[in-house]
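Notes to accompany the following structure.
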Amino acid sequence: MGFYWVGFIFWTLIGCALLLFVYGLCKKSSKALLISGTAFILPMLYFGGAENWYGLLAFVPLIPFVLAYYTNKRVQR
């Protein structure tokens with residue numbers, strides 16, 4: 001059984017997105033939340049094609065994008 005780069009990149013993107021999401025929440029950084037949402041898009045598109053409740057995981061990247069919008073809106077005030 002060989003090493004699968006696709007799986008490695010998949011889980012690396014999810015890990016980086018989670019770390020940036022937590023960092024963005026702690027520091028209230030809209031840039032970190034935007035990068036987190038962007039990193040979540042590709043892995044969650046894989047789940048979007050699934051059946052049952054797994055298809056709803058495709059909406060997970062919306063959470064960091066919405067939080068980034070509200071964080072940016074709050075900073076501008």
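For the single chain, residues carry numbers from 1 onward in sequence order.
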Flag yes if Val60 and Trp11 sit in one hydrophobic cluster, no otherwise; membership is Ile, Leu, Val, Met, Phe, Trp, Tyr, and two members link when side-chain heavy atoms are under 4.5 Å apart. yes

For the atom pair NZ (Lys31) and CG (Leu20), what is the distance rounded to the nearest 0.5 Å? 13.5 Å

Check whether Ile41 and Leu34 end up in the same hydrophobic cluster, where Ile, Leu, Val, Met, Phe, Trp and Tyr are linked by side-chain heavy atoms less than 4.5 Å apart. yes

With distance as the sole test, does Ser36 use its side chain to make a donor-acceptor pair with the main-chain N or O of Ala32 at under 3.5 Å? no

Considering only heavy atoms from C-beta outward, does the side chain of Ile63 approach that of Phe21 to under 4.5 Å? yes

How long is the span from the CG atom in Leu19 to the CD1 atom in Ile35, to the nearest 0.5 Å? 13.0 Å

For the hydrophobic clusters of this structure (ILVMFWY residues joined by side-chain heavy atoms under 4.5 Å, transitively), does one cluster hold both Leu45 and Phe65? yes

Does atom OH of Tyr70 have more than 12 heavy-atom neighbours, drawn from other residues, nucleotides or ligands, at distances under 6.0 Å? no

Checking the side chain of Ser29 only, and the main-chain atoms of Gly24 only, is there a donor and an acceptor separated by less than 3.5 Å? no

Looking at residues at least two apart in the chain, or sitting in another chain, which of them share a side-chain contact (heavy atoms from CB on, under 4.5 Å) with Ala58? none

If two hydrophobic side chains count as joined below 4.5 Å and joins carry through other members, does Met44 share a cluster with Tyr46? yes

Sequence neighbours excluded, the answer for ring-ring contact (aromatic ring centres under 6.0 Å, His included) partners of Trp5 is Phe3, Phe8

Is it possible for you to say whether Phe40 and Tyr23 belong to one hydrophobic cluster, with membership spreading through side-chain heavy-atom contacts below 4.5 Å? no

List the atom of Leu33, the atom of Pro64, and the distance in Å for their closest heavy-atom pair. O-CB, 3.4 Å

Can you tell which of Ile9, Leu13, Thr12 makes a side-chain contact (heavy atoms from CB on, under 4.5 Å) with Pro43? Leu13

For Tyr69, ring-ring contact (aromatic ring centres under 6.0 Å, His included) partners two or more places apart: none

